[in-house]
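Contents: one structure, followed by commentary.
Atoms considered below: every heavy atom in the structure, side chains included; atoms not considered: hydrogens, waters and symmetry mates. A, B, ... follow the sequence lines: proteins, then strands. Residue 1 opens every chain.
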Number of protein chains: 2
Amino acid sequence: MLSALSLAARAAPRRAGPTAPAALRAYSSSTSRNHNQQQQQDEQQQHRQARSELYRIDFDRAFALLAVSALAGFGAAQYAFDNFGRAPVECEAVNPLQRIKGNAPMSTRMEALVKKIQSDMTSALEELEGPSGGRFLHDSWTRKEGGFGTSCVLQDGRVFEKAGVSISIISSPAPKTMLAHMRARNREGLDPNGDYKMFVAGVSMVVHPHNPMAPTFHANYRYFELRKSDAKETDPPAAAWFGGGCDLTPCYLFEEDAVHFHKVIKDACDKHDKSYYPRFKEWCDNYFNNTHRGERRGVGGIFFDDLEDKSPEQLYAFVSDCGNSLVKQYIPIVRKRMNMPYTQAQKEWQQLRRGRYVEFNLVHDRGTKFGLATPGVRIESVFMSLPLTARWQYNHTPAPGSPEEKLLNVLKTPREWV
Amino acid sequence: MLSALSLAARAAPRRAGPTAPAALRAYSSSTSRNHNQQQQQDEQQQHRQARSELYRIDFDRAFALLAVSALAGFGAAQYAFDNFGRAPVECEAVNPLQRIKGNAPMSTRMEALVKKIQSDMTSALEELEGPSGGRFLHDSWTRKEGGFGTSCVLQDGRVFEKAGVSISIISSPAPKTMLAHMRARNREGLDPNGDYKMFVAGVSMVVHPHNPMAPTFHANYRYFELRKSDAKETDPPAAAWFGGGCDLTPCYLFEEDAVHFHKVIKDACDKHDKSYYPRFKEWCDNYFNNTHRGERRGVGGIFFDDLEDKSPEQLYAFVSDCGNSLVKQYIPIVRKRMNMPYTQAQKEWQQLRRGRYVEFNLVHDRGTKFGLATPGVRIESVFMSLPLTARWQYNHTPAPGSPEEKLLNVLKTPREWV
């Protein structure tokens, strides 16, 4: 169905006005669900108004709508955009976090959290791009089995070669194959023949700057929940866990950057469990590993999965602190490096390192494998993490003692940074 | 061990003189095995002479040496180069085919055949590069478990962005895991606990031209043989089969090119079995398939594996005809396209298609997977097929009716070309 809203959105200019804060520019129509026809019309009216009045829209009303729709449950989006896998539409995630009460279901709070993280990071990156720089295109989609998402992509900007920050909120029956997979991962309590519904809320980002001195950055935080199909809203889920992490991939090693990156995330971890940072730092080094080259992808960060060793409340607090640290972790580093001078040879070395990034994502990354094995997957979302450009040069070996070799040495033998 | 020969080779200029035919330039020291010290010294003398006298070397003597060493068995090369994974060395495969008798063992004849194919193709590609164009670097290696090879790589030439033509001659004990794998592939006759030695001779090539109108080309022909470790030289092998194929990957579709490419290989197939071309053409379409995008890699060609439906003699004749057709299949096409004018947008489309090529090779290709799973593999040889540069652009969709869309339509629905 081609809604009036999506038509209006297409007619809108793709680049948002430089004066509008990203979080306040508009609201995502795809997050408004289970509302009636009148509400739909209101939203469309608001959207048009937002565009025509330089984004001065009625935010209280927008937030109220979003809070209502976010709390209303996790059915499929009421109207599907016809732009699935097509040209981007202008519709933006907002931050309804402040409207979510502490006693709201975890799924609701995680949905709000991933939207906030998306909004904060896209705003921070656009700020670095500056008034005349690149802007994120917002590509919203719905999934017919239940769920929706927004991929924000900035391509060939002033500072960034490619940056993608996407969220997915999936709510649908859990496939039986997934149950078998979950049981194999120490969740034997699940009934292999039972009917479950799953909920996933996740945010994922990969940022590739132009300047070879500025590192690539990746982060991903997610929440997964399984419930019996006939469970009541107030019943605890049959299983629930958190996963995620962040890692930094420089082409040239500035040790102070690696220290800063690790220090910020260690501080976030230590507030919740002193064992988290060392465990998750090692997990990250082992996970982002181009085993076929004997090289880690970068200088690491943290990585964890299937985390359920504390109460959901405690883990939510931990993941919130991680997610809310991302801007502080990365932005100061790229600000420091993005205008440094560099040579053509250094650019080519960056392109070779981009090739290694592609190798990891296509050969080893579990998320990519899972995506490629999922029928009907939106391949552009799976491959959003790939750099705009990459290079493979036969048998390239850095000169002994060069900065390029210095990086390789750290990739071969990960270091403790804090 | 750093031999005097490899030192001499390093001291030689990397680019061969334009007047020396590639097949006659020098001979590969790594193919000379099981000879005595005097012979080694003779070879070294010859090699130096070849360099100093503009490649006018004593070919009769060289061929005789090669024929002797090729017939002498398949032990490890007598001296290992220290350049494994390092800078290329100048040492070239030659064509000893004319010296191999018809009653020589199949392994000997296949070794000679793959060397001939390598020599013919590198000569033909260098001829297109012209006197001032790029030249192949020859990177020879030995494998401590038994075997050797030469990777010929031309990078950033006048016509070709990257071209790799490599041969491997492997002769070593067969790992038990491989036996299990073979038994699972309809070779139940093999004793799972038996001691076998394997022999593999293969040639593999991937050619990426600069000009987006000139298609990428890939081919690979190989012979595999298993023998009981205690078998006599004259015993027939416990198992032996052939595999290979060729395929064409255009960025812009010129139907006459696809027709020519398929016609040449169909003619070669039809001489041996009228059912081969249609069967192997379909196999190719199904194999070189980016299933995650619903796109074939290119306009196909042929593909076959585990071929043992005729006598080894008959299959050798078939594979010889295929291998000897490669130059005729590809060179006229690239000659016709390599100087066509093109725009920056067309170049970017080519780069996107290069990205798809990387996706196939890293995600789907069995050869790459096998390579990555092999301990101690020479990763630069596995990844030689990757283009020099590639691009991933979020959600790129060609305009309706454009030449880019025309190509995509053929990739989505393979055609019969002859």
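Heavy-atom pairs under 4.5 Å with chain B were tallied for A/Val153, A/Leu388, A/Leu362, A/Val363; the largest tally goes to A/Leu388. Per-residue counts of heavy-atom pairs under 4.5 Å with chain B were compared for A/Thr368, A/Val382, A/Val358; the largest is that of A/Val358.
For B/Arg353, the side-chain hydrogen bond (donor to acceptor under 3.5 Å, both in side chains) partners are B/Glu295, not counting sequence neighbours. When the side-chain hydrogen bond (donor to acceptor under 3.5 Å, both in side chains) test is applied to B/His364, the partners found at least two apart in sequence or on another chain are B/His292.
B/Ile379 touches chain A through its side chain: at least one heavy atom from C-beta onward sits under 4.5 Å away, while N, CA, C and O do not. Using a 4.5 Å cut-off between heavy atoms, B/Gln351 makes no contact with chain A at all.
Residues A/Arg158 and A/Glu126 are not paired through a salt bridge, judged by the lack of any N-O separation under 4.0 Å between the basic side chain and the carboxylate.
Checking each of A/Thr249, A/Thr216, A/Thr389 against A/Arg354 for a side-chain hydrogen bond (donor to acceptor under 3.5 Å, both in side chains) leaves exactly one that passes, namely A/Thr216.
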